[in-house]
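All values below were derived from every heavy atom in this structure, side-chain atoms included, with hydrogens, water molecules and symmetry-related copies excluded. All residue numbers in this chain count up from 1 along the given sequence.
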Amino acid sequence: MAERRRDTDSSVPPPDKSLTSTVEKLYVSQQHAFQVKGTRAPSATTSECKLCDTKFANEIEYNAHLALESHIVKEKFRIDRKSLMSKSKIIVKLNSEKYTEDIFVREGVPYTAPVTILNEGEEECQVLGVFDFICNTGINITWPTFPQVLRPGHFITGTLSYELHIPESYTSILLVLIQSPTERSYVWKEMVFRVQPEFLDDLKPSSPYKTLSKSFRKQKEAPIVPGEPLPPIPSRLVPVRKLKQYETSSVLRRILNTGLQPKDNLSPNDVQELTKVRSLLKMNAVTPGVTSIEEKDYVPFFRHLLYIEEHQMENDIHMYDVDDEEMQTIPNSKLLSLQVPGLSENRPSVLRGDSVYVMIQGNDSVKYEGKVHEVRESDVRLGFHKSFRDKFLPKMKLHVEYSFNRWPLRVQHRALEMMRNHSVSHALFPKQHVATPRNVTITTWFNKKIRENPQQQQAVRNIVSGTSYPAPYLIFGPPGTGKTVTVVEAITQLYHLHKSSAHLLVCAPSNSAANEVTKRLLISGQGHIPDSDVLRLFASSYNPKSIPSQLKKCCNYNGEFYYPSVDEIMQYAVVIVTLSSAGRLVTGGIPAGHFSHLFIDESSQAMEPETLVPVGGLFTSEKEKGKLFGQLVLAGDPKQLGPVLRSPVASKLGLGTSLLERLMNQCDLYKKDECSNQYNAAVLTKLVKNFRSHKKILTIPNDMFYDNELQACGDTSLTSLACDWEGLPMANFPLIFHGVKGTDEREKTSPSYFNVAEIGRVMKYVERLLQDRLKGRKLNQQDIGVITPYRKQVEKLKKKFGEKKWNDITVGTVEEFQGQERLVIIISTVRSRKELLQEDYKFGLGFLKNPKRFNVAMTRAKALLIIVGDPDVLQCDLHWRELILYCRQNGGYVGHPLKLMPLPQQMEQLNFKLSSLTIEAQGVRNEAEAGWRRDI
C-alpha cells in the first residue's frame, strides 16, 4: 500500500513523468463522430398531400400542388423553420418580439390582446397576408383587410381573443407574407397558450435553453502536482496479483474520433488499426456486434468495447468542467471546499478517493490534483499539495476539471485477460451441461413461500445439484416473481448442506443490490445464517452513512473501513461484494476453487466484462487451464433495463447486453425447445408467479415481454385496493391513461426536458389520492411513486411536491425505480409537441421508445397505474400504442381526444445503422439523463 505523503517543504514535487509540458488532447463526442440524422418522409405522394389534406386525381394535379406557395411554405416550416426566418426588420409582437412566445392562460377566463406587425426597418413594404398554420377552437385573431402598406416605424394591429377550458398547451403559428422592393419573404410567430393555474407559472424556463454539449473538446493536459492523499486504510489484504493500467492507445483514440470511418488525415498506422478494429467489431456483417462474436475474438472484442465506453466517458465527464470557479477554506483544516452543482444527483459522480484537477486561471503550465477526502450534499472537500495551498487566495479564479475512477474498467480488462490466459473463454459459449448431476434431496424449505412455488423449488434444487455445470445456471426473474428470494434460498440450502465447508461468493452490480441480498440472508428465523459466517465487504469509497444498520455487525467497517487478510476472508461461509469490489479479492490472491459457487444477483444490469471480474482468478487458474472452478449462477431479467453506459456505440455493439441476456439470445442451450415451448430446466428456470401487481396492470407487459406466462398471485387485499376508487374512469380497471397535450421544454444548459402541463395533471391525481380512501384505507405518501424518464421533470416535480409538503412521495427516473414497487404509480412521459404532420410525431419520442424502459415503468405498481402523456407522440411507438389502445378498449382512457393514425413508416431509418456504425441524432441518449455508475 502506498505510503501517505507528508508535507516536508513547500517545493513542488516531481510532476507526472508522462507529461512535461502543456499539450492539448482532442475529445470528439460519439454523438458527433458516429451521427446520422433521421430523415423526415415526404409529406406528399402522387395520390395525396397529408400536410395540406389534399388528394390528387393524377400526376398533373400532384405537380401543380407541389408548386403552390402554401404547400412550399408549410413544407419549409415542417423541415427547417429557420429557413423562414426573414432578415427583414419586420417583427410580430404580442408581449415580446421573440419568434416563440408563451402566454399564460387561466382556465375558462376570456382574454383579448393586440397583436402587432411592426416595421423596424428603413424600407417600405407590403403585408400581403397572415396565415394561421394551426387552427385551435377558442383562439381567434382578426386582422384588417390585406394587402396593407407598412411604412418604416409603422405597424398593423390585429386583435387576439381566446377562451380555453382544458388545462393543456395550445400552439398557434402565424406566418406573415411580406413583399419588399427586392424580395418576397416570410416572418413567423409561434404562440404557445398555456392553460394552467397560477401556482405552476414559476416552473417556466428560468432562462432560454442553450446547448452545452460540444461535438469536440480540446482539453489542456499539463504536468500534475499530486494532491494530499487520504489517510491510509488499515489493510491486511496484501496485493498478490498485478493490476495494470490498460490505457487506451493514442491510435485507437484518434480513429474513434473519426467515427471509425476512413479519413484523409489518417496515418498508415491509423488506417491499419482502423481496418483491424472494423473487422473485429464485425462492422460489415449482416448482424454486427455481439450477435456475431466468435469465441476466438471474445477477449479483444470486449476489450475494444470497454475502450469505446471509456472514450465517451472521458468526453462526457468534461461537460462538467468549469472556468472562473472559486473554492473556500475550511476552518482548522488543510482541505479546501468546492461546490459541485448536481452532486447529490450523481451528475457528476464524485466518490471519496477520486481526483479533481484545478488550474489557476491564466496559468495553464501546471495542474494541481485535489484528492477527494469527503463528499457532502453539495460540495466536496479536497486535499492539495502544500505548494498549491501556499498560493491559494480567497476569490482566486480556477479552471476545474473532473475525472472518473478507472478501477472498474481496469479490473474488467484484467478479467478478460485472465479468461484468455486461463483458456476458459469456452465456458462463456456453453453447448452442453453435465450428464450426471449430484443427487441432492431437499427436505426443508427455509422460506415458507417457496413451498408453494414449483418454479422457485426447481431452480434451488438444480443449483444445489449442479445440473448445469460447467455452464452457468440462469434464474430468469420477471418483475415481482421473487428472484432474490430464490437466490437467498439457494445460498441458505448450500450453507446448511455443506456447513463445515461452504464457501459462497455473492455479487451484484450495485451496492444497493448487494445490501439487499445481505439483509435477506441475515433475517432471523429458520435457516438463518449466523452473522459470524457472513462478510459484507465494502469499498473504502462507500459512504459509511449509507451502510444499513443490520449490516454493520458483519461488514468491514468499525468506525473506519479496513480490509481483512486473505486468510480472514476465507474463513467466512458467505462473502458479499459488488462485482467491481470483487477485483480486490482477485488482487489479494484468494485461490481458485476456494469458493464453490458464484451467485450474481441483478446480473442483467451488469456489462458482460463486469460479470467476469470475480470469475477470472477466483474460478479460473493458470495452473489448470481450461477448468472452471465452481458453479456460476446468474439471476436477472433481460427484459428490464440493462447496464448503465455512457457510449451509445459501445452499448449498441454489445456492451449494453448482459451475459445473461447474450446467453439467452444466442446459446441454443438456453433457448426454449421448439416442440415443448419450455426452457431446459437443467440450465434455466423462468419464475412465473408475480406477487406484485393486479392482473389488469400485468396484462400488457405479460403479453409483450413474457409470453403471457406470468400469473398474478399478489395479495388481493392490496392489488384490488383501487378497483372501486371513484377516480377511475372504469370500475375494476385500475389503469388510467390521461392524454395531455402539453409542451416539452428545456432551460439553461440542461438538455433534459420538462412538461408543466403534465406536472399540473400529476399533482391533481396525487392530491385526490391523498384525500380519498381506497376501500376504507387512507393512502400514505410512501404508498405513491412518480416515475418520469427525464431528470429535469423529476427536479420540477420535487420542487412542487416540496411546496405541498409531499416530501415522502418518491419521484425518480425509470432507472431509479428498477427493483422498487408502490401501491400507486403515476408516470409522466414528458415528451409533447405540435406537428403539422402526424408522421413527424415519431421524432419526439426520444428514449421513450426503449422497450426495456417501458417494461420497468409498467411493472412497478401494485394496485393502481396512472399514465400521463401525449397520445400523438406516444402512439408512434408500438409498445405505448398498445398500452393506449388497451386503456381505451377497457374504458381507462381520458383527457385529450385520441386520434389514432397508422404507425409511421420508415421508423427503421431512425435506428442504429450497424453496417456503417452510425447512431441516430434524435433520442439515442441524453447526456442529462445517462447516469454515472457509482458502485465500486
Side-chain angles (χ1 to χ4, degrees), residues 81 91-117 130-143 157-176 188-209 738-747 753-768 792-793 796-797 799-800 803-804 828-836 844 868-873 894-899:
R81 63 181 59 184
I91 61 170
V92 182
K93 181 178 180 180
L94 183 60
N95 298 313
S96 78
E97 300 176 0
K98 298 176 182 176
Y99 283 106
T100 300
E101 186 170 341
D102 290 331
I103 302 103
F104 295 104
V105 181
R106 304 303 169 224
E107 188 176 338
V109 179
Y111 286 84
T112 301
V115 183
T116 304
I117 303 173
V130 180
F131 307 98
D132 194 343
F133 272 11
I134 301 174
C135 298
N136 292 285
T137 303
I139 301 173
N140 185 53
I141 306 178
T142 57
W143 297 98
T157 301
T159 302
L160 168 67
S161 57
Y162 49 91
E163 183 176 342
L164 302 167
H165 296 271
I166 300 175
E168 293 189 338
S169 292
Y170 300 80
T171 301
S172 181
I173 300 173
L174 303 178
L175 195 73
V176 182
W188 60 271
K189 177 79 169 183
E190 183 175 19
M191 295 179 290
V192 181
F193 297 84
R194 302 176 181 277
V195 185
Q196 62 188 46
E198 188 175 352
F199 79 90
L200 293 177
D201 288 353
D202 65 340
L203 293 181
K204 66 182 179 182
S206 54
S207 61
Y209 171 64
H738 198 122
V740 172
K741 199 70 181 173
T743 302
D744 54 29
E745 305 175 85
R746 294 183 282 186
E747 65 182 3
Y753 288 95
F754 65 96
N755 187 315
V756 176
E758 290 191 15
I759 291 173
R761 180 54 59 189
V762 168
M763 293 187 72
K764 285 187 177 181
Y765 275 116
V766 170
E767 194 164 39
R768 181 165 184 180
K792 186 58 71 171
Q793 186 82 337
K796 300 279 186 180
L797 279 163
K799 170 181 165 67
K800 283 300 169 188
E803 293 172 7
K804 291 278 191 178
S828 170
T829 59
V830 180
R831 297 308 299 272
S832 184
R833 54 171 60 191
K834 187 67 179 179
E835 293 286 359
L836 297 183
V868 177
D870 184 337
D872 291 336
V873 171
V894 294
H896 188 83
L898 176 60
K899 297 179 181 178

* Apply the test side-chain contact (heavy atoms from CB on, under 4.5 Å) to residues T171 and E190: give CA-CA distance (whole Å), side-chain angles for both, the deciding distance (0.1 Å), then the verdict. => CA-CA 7 Å; T171 301; E190 183 175 19; 3.5 Å; yes
Minimum heavy-atom distance [X]-[Y], with the two atoms named:
X: P197; Y: R106; value: C-NH1, 3.7 Å
X: Q793; Y: S828; value: NE2-OG, 3.0 Å
X: G760; Y: L200; value: CA-CD1, 3.5 Å
X: S832; Y: V740; value: OG-O, 4.2 Å
X: N755; Y: D744; value: ND2-N, 4.1 Å
X: G739; Y: P871; value: CA-CD, 3.9 Å

* Asked: Between K796 and L203, is there a donor-acceptor pair closer than 3.5 Å when you use the side chain of the first and the backbone of the second?
  ->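 Yes, because the side chain of K796 sits within donor-acceptor range (under 3.5 Å) of the backbone of L203.
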* Whether E758 side chain and V830 backbone form a donor-acceptor pair below 3.5 Å ->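 At least one qualifying donor-acceptor pair exists.
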* To do: Verify the distance criterion only: is there a donor paired with an acceptor across the side chains of Q196 and D201 at less than 3.5 Å?
  =>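 Yes - a donor-acceptor pair under 3.5 Å links their side chains.
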Do [X] and [Y] touch side chain to side chain, with heavy atoms closer than 4.5 Å?
X: V115; Y: W143; answer: yes
X: V868; Y: T829; answer: no
X: K764; Y: P167; answer: yes
X: K800; Y: D202; answer: yes

* Within 45° of the six-membered ring axis of F754 and under 6.0 Å from that ring's centre, is NZ or CZ of K204 located there? ->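 No; the conditions do not both hold, so K204 does not lie above the ring face of F754.
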* When E168 is tested against each of R761, K741, H896 for side chain to side chain donor-acceptor pair (under 3.5 Å), which residue passes? ->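 Testing each of R761, K741, H896 against E168, the sole residue satisfying side chain to side chain donor-acceptor pair (under 3.5 Å) is H896.
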* Asked: Would you call the rings of Y111 and Y162 parallel, tilted or perpendicular if under 30° counts as parallel and over 60° as perpendicular?
  ->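 Plane angle under 30°, so parallel.
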* Test L160 against every option in I103, T112, L174, I139 by the side chain to side chain contact (heavy atoms under 4.5 Å, CB included) rule and name the one that passes. =>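 So the option named by the test is I139.
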Please round to the nearest 0.5 Å and tell me the distance separating atom [atom1] of [X] and atom [atom2] of [Y].
X: T137; Y: Y170; atom1: OG1; atom2: OH; result: 9.0 Å
X: S172; Y: F193; atom1: OG; atom2: CZ; result: 5.5 Å
X: L164; Y: R194; atom1: CG; atom2: CZ; result: 13.0 Å

* To do: Dump the intermediate steps for side-chain contact (heavy atoms from CB on, under 4.5 Å) on V130 and I117, then the final yes or no.
  => CA-CA 10 Å; V130 180; I117 303 173; 3.8 Å; yes
* Asked: Any ion pair linking K792 and E745 (charged N to carboxylate O, less than 4.0 Å)?
  ->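 Looking at E745 and K792, the cut-off is not met.
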